[in-house]
Undergrad: 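Have a look at this one.
We name chains A, B, ... by the order of the sequence lines, and we start the count at 1 in each one.
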Amino acid sequence: MKSITKQAYQLMHEGILALAEIERNGICIDIEYCEKAKKELHKKIEAERTKLYEFEEVKQWKRRFGVTFNLESSHQLAKVLYEDMGCKPSKMTENENPSVDQFALESIDHPMIRSLLRIRQLEKTKSTYLGNIVRETVNRKLHPFFNLHTVKTFRSSSQDPNFQNIPVRDPEIKEIVRRAFIPRPGHRIGGSDYKGIEVRVACLYHQDPSMLKYLNDPASDMHRDVSMDCYMIEDTELVTKNIRYCGKNKFTFPEFYGDYYKNCAKALWDAISQMGLKLTDGTPLKEHLRDKGIKSYQRFERHIEDVEYRFWNEKFPVYKQWKEDWYRAYEKKGYFDTLTGFRCSGVMEKNDVVNYPVQGVAFHCLLWSLIQLQRWMKQEKLRSKIIGQVHDEITKDLHNDEFMYVLRNERKIMCEDIKEHWIWLKIVPLDIAVSFAGVDRPWNEAEEEK
DNA sequence: GGAACTCGCCAC
DNA sequence: AAACGTGGCGAGTTCC
């Protein structure tokens, strides 16, 4: 059960109207490119299949399953790997079956597995992404749907196609898929996202002084400091971008969401060899850790246990206390209210109770900004259009003549005006990152604007 | 022939 | 004591 205040209702009402207009705007698609890219992927997949069929293990797989033989069947693959080939499953699925996902397969160092993973990746690119884009494109425009009524946390969702999971992390796949999205003639395509909005919103609830200090002091850097603790680095100069990335995505965020040291230690440790982590002076990280007395994984795990202890009890004790108090209050009342006036009730786990109010409100900051920007752009009768939204980002198709005009007002709305609307935002600074491709250039070329 | 389920994988 | 939050969607599979 959920319920909302009048101001929350207002936000959803205005929000869904703005999103409807954004759906109607649509996104230009380079349909000829899509067809060509699909054909190329098809060829690549066929070539990879041919390679795969050469393996003795696959021939045996074929013999075992006969006409039902299917490379895409996880069930068959599990039987082949864990019954015929005698591999040990490194993890189980939710329903306690031996897993054959990427993580599980990585521990089996075998060329057949690499080939299989490659096929999976290319198939997904071809069908889930390019295929759906082509299917849903009408008159060279794509109109993804955005919902406000489907998500437990009061975030949004998107469908047909899902605009909120377009590949960006893997450079090769990003290029292939984002190349399909192009601007209107004379326009530039790109977007602006709130920097670290969930961390900032969490601060609004717990008001931990150490974390507020991190946010308010531009010279400090929480993710860098945590990564230094994790990998026992004493000099800030020795921290690379990748090391900071690991601290942020394999320790800090998982800990915020409710994970614990064992999982984090494993992820941090595996990343060292997977990403080939080195200090800025070239010292391999494993070597550096050995010098610091970390001679085995067990030692590293114990070290991360200490890091976790210090993280919650020395660095951010107020945050930790808030989690306890917030959960207690929920246990007592059976519900909690978000800063934006939404009420969440029903049976929830502790992690849910402390995460939902943050995730929801972070999105509501984006939604409020989206409403104001859409309203203003319509009023000004601009050729520029908002074309989508991804939780903390507004995606736009801006006419080159209106480019600076729109970006200036957008920054004002997202970072300043919103603090007048929701005064509780005043205790944290807000900032955005802006990233666009050039005039008439596709989305894959988007780069951060300085 | 479709609904419901499992699994895997993309995003924030 | 236990241990990562939110979605959408494709393919395979099972059930009716």
Side-chain angles (χ1 to χ4, degrees), chain A residues 65 68-79 91-105 116-117 119-133 135-136 144-170 173-174 176-178 191 193-199 201-202 248-267 305 308 312 323 344 348-363 365-366 388-395:
Chain A
F65 289 94
T68 61
F69 165 79
N70 192 331
L71 276 183
E72 273 77 44
S73 166
S74 306
H75 187 69
Q76 288 184 16
L77 177 60
K79 287 197 181 296
K91 68 176 257 206
M92 293 297 184
T93 65
E94 188 124 329
N95 297 318
E96 292 305 310
N97 296 313
S99 172
V100 290
D101 70 6
Q102 237 171 42
F103 183 88
L105 296 189
L116 211 59
L117 284 173
I119 290 173
R120 273 190 197 170
Q121 181 188 44
L122 296 176
E123 279 287 359
K124 187 175 175 88
T125 308
K126 179 171 164 247
S127 58
T128 305
Y129 293 107
L130 293 178
N132 280 354
I133 291 169
R135 193 192 70 225
E136 296 293 336
F145 293 88
F146 294 96
N147 314 302
L148 290 183
H149 65 287
T150 62
V151 182
K152 288 193 282 189
T153 62
F154 295 104
R155 251 196 189 181
S156 65
S157 67
S158 168
Q159 61 185 129
D160 302 318
N162 183 353
F163 185 71
Q164 295 176 323
N165 70 346
I166 312 288
V168 68
R169 227 193 76 252
D170 184 303
I173 306 304
K174 167 194 163 174
I176 296 173
V177 180
R178 296 205 171 212
D193 66 282
Y194 272 120
K195 279 189 187 168
I197 188 68
E198 285 201 9
V199 172
V201 167
K248 174 179 167 186
N249 293 297
K250 298 176 193 298
F251 184 85
T252 306
F253 282 160
E255 287 281 345
F256 282 169
Y257 287 138
D259 206 355
Y260 80 130
Y261 71 93
K262 281 200 181 193
N263 290 336
C264 297
K266 177 89 172 67
E305 190 178 358
E308 181 186 63
W312 288 113
K323 285 190 178 195
C344 299
M348 285 176 271
E349 300 291 331
K350 185 177 179 186
N351 282 345
D352 299 335
V353 173
V354 297
N355 284 327
Y356 290 5
V358 176
Q359 194 183 94
V361 170
F363 169 67
C365 292
L366 189 281
Q389 159 269 130
V390 193
H391 309 305
D392 66 355
E393 185 214 306
I394 300 176
T395 315

Undergrad: First and last nucleotide of DNA chain B in contact with chain A, 5' to 3', at under 4.0 Å to a heavy atom: what are they?
TA: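 So the contact region on DNA chain B extends B:dT6 to B:dC12.
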Undergrad: Over all strands shown, is A:Gln102 touching base, sugar-phosphate only, or nothing at heavy-atom distances under 4.0 angstrom?
TA: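 If one applies the 4.0 Å heavy-atom cut-off, A:Gln102 turns out to touch the sugar-phosphate alone, with no base involved.
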Undergrad: Considering residues, nucleotides and ligands other than A:Phe145, do more than 12 of their heavy atoms fall under 6.0 Å from its CZ?
TA: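 No, not enclosed.
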Undergrad: Can you give the first and last nucleotides of DNA chain C, 5' to 3', that have an atom under 4.0 Å from a heavy atom of chain A?
TA: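 Endpoints of the contacted stretch of DNA chain C: C:dA3 to C:dT13.
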Undergrad: For A:Arg135, answer base if it contacts any base atom (sugar-phosphate contacts may also be present), sugar-phosphate if it contacts only those atoms, and nothing otherwise; contact means non-hydrogen atoms under 4.0 Å.
TA: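 Sugar-phosphate contact only.
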Undergrad: By salt bridge (charged side-chain N to carboxylate O under 4.0 Å, His left out), which residues pair with A:Glu308, not counting sequence neighbours?
TA: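 Counting only residues at least two positions away or on another chain, A:Glu308 forms no salt bridge (charged side-chain N to carboxylate O under 4.0 Å, His left out).
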Undergrad: For A:Val168, which contact category applies under a 4.0 Å heavy-atom criterion: base, sugar-phosphate, or nothing?
TA: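 The answer is sugar-phosphate, as A:Val168 gets under 4.0 Å only of primed atoms, P, OP1 or OP2.
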Undergrad: Only counting residues at least two apart or in another chain, list the ones meeting salt bridge (charged side-chain N to carboxylate O under 4.0 Å, His left out) with A:Lys250.
TA: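 With neighbours one apart ignored, the set is empty.
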Undergrad: Could you list the residues that satisfy side-chain contact (heavy atoms from CB on, under 4.5 Å) with A:Phe65, not counting sequence neighbours?
TA: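 Residues passing side-chain contact (heavy atoms from CB on, under 4.5 Å) with A:Phe65: A:Trp61, A:Thr68, A:Phe69, A:Gln76, A:Lys79, A:Val80.
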Undergrad: Students often get this wrong, so: under 4.0 angstrom with heavy atoms, is A:Pro254 touching a base, only sugar-phosphate, or nothing?
TA: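 Contact class for A:Pro254: base.
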Undergrad: Given A:Glu349 and A:Lys152, is the salt bridge (Lys or Arg N to Asp or Glu O under 4.0 Å) satisfied, shown in steps?
TA: CA-CA 13 Å; A:Glu349 300 291 331; A:Lys152 288 193 282 189; over 6 Å; no
Undergrad: Could you check which residues of residues 92-101 of chain A get a heavy atom under 4.0 Å from DNA chain C? Sort them by number, please.
TA: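 Heavy-atom contacts with DNA chain C come from no residue of residues 92-101 of chain A; none.
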Undergrad: Can you name the salt bridge (charged side-chain N to carboxylate O under 4.0 Å, His left out) partners of A:Glu136, sequence neighbours left out?
TA: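 None.
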Undergrad: Contact class for A:Tyr356 (heavy atom, under 4.0 Å): base, sugar-phosphate, or nothing?
TA: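 Sugar-phosphate contact only - A:Tyr356 comes under 4.0 Å of backbone atoms but never of a base.
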Undergrad: For A:Ser156, answer base if it contacts any base atom (sugar-phosphate contacts may also be present), sugar-phosphate if it contacts only those atoms, and nothing otherwise; contact means non-hydrogen atoms under 4.0 Å.
TA: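 The answer is nothing, as A:Ser156 stays clear of every strand by at least 4.0 Å.
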Undergrad: Mind checking if A:Glu393 touches a base, just sugar-phosphate, or nothing, with heavy atoms under 4.0 Å?
TA: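 A:Glu393: no heavy atom of the nucleic acid under 4.0 Å.
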Undergrad: Please report the interatomic distance CG(A:Leu77) to CG(A:Asn70), rounded to the nearest 0.5 Å.
TA: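 Taking CG in A:Leu77 and CG in A:Asn70, the distance rounds to 11.0 Å.
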Undergrad: A:Asn165 near the nucleic acid: base, sugar-phosphate alone, or nothing, with a heavy-atom cut-off under 4.0 Å?
TA: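 Answer is base: heavy atoms of A:Asn165 come under 4.0 Å of a base.
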Undergrad: I need the A:Ile176 CD1 to A:Leu130 CG distance, nearest 0.5 Å.
TA: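 That separation rounds to 7.5 Å.
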Undergrad: Count the heavy atoms belonging to other residues, nucleotides or ligands that lie under 6.0 Å from NZ of A:Lys91, then report whether that count exceeds 12.
TA: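 Correct, the count exceeds 12.
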Undergrad: So, using salt bridge (charged side-chain N to carboxylate O under 4.0 Å, His left out) as the criterion, who are the partners of A:Lys266 when residues are at least two apart?
TA: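 A:Asp270.
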Undergrad: Contact class for A:Glu72 (heavy atom, under 4.0 Å): base, sugar-phosphate, or nothing?
TA: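 The answer is sugar-phosphate, as A:Glu72 gets under 4.0 Å only of primed atoms, P, OP1 or OP2.
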Undergrad: Using side chain to side chain donor-acceptor pair (under 3.5 Å) as the criterion, list what pairs up with A:Tyr261, not counting sequence neighbours.
TA: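 Testing A:Tyr261 for side chain to side chain donor-acceptor pair (under 3.5 Å), a comparison that skips the adjacent residues, returns none.
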Undergrad: Verify the distance criterion only: is there a donor paired with an acceptor across the side chains of A:Glu198 and A:Tyr257 at less than 3.5 Å?
TA: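 Their side chains do contain a donor-acceptor pair, which is all the 3.5 Å distance test asks for.
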Undergrad: Among pairs that include at least one residue of residues 353-362 of chain A, which meet salt bridge (Lys or Arg N to Asp or Glu O under 4.0 Å), considering only residues two or more places apart or in two chains?
TA: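 Salt bridge (Lys or Arg N to Asp or Glu O under 4.0 Å) check on residues 353-362 of chain A returns no pairs.
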Undergrad: Under a 4.0 Å heavy-atom cut-off, which of residues 120-133 of chain A touch DNA chain B?
TA: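 Under 4.0 Å from DNA chain B: A:Arg120, A:Lys124, A:Tyr129.
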Undergrad: Does any pair with a residue in residues 121-133 of chain A pass salt bridge (Lys or Arg N to Asp or Glu O under 4.0 Å), and if so which ones, sequence neighbours excluded?
TA: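 As it turns out, the salt bridge (Lys or Arg N to Asp or Glu O under 4.0 Å) pairs with a partner in residues 121-133 of chain A, which skip direct neighbours, are A:Arg49-A:Glu123.
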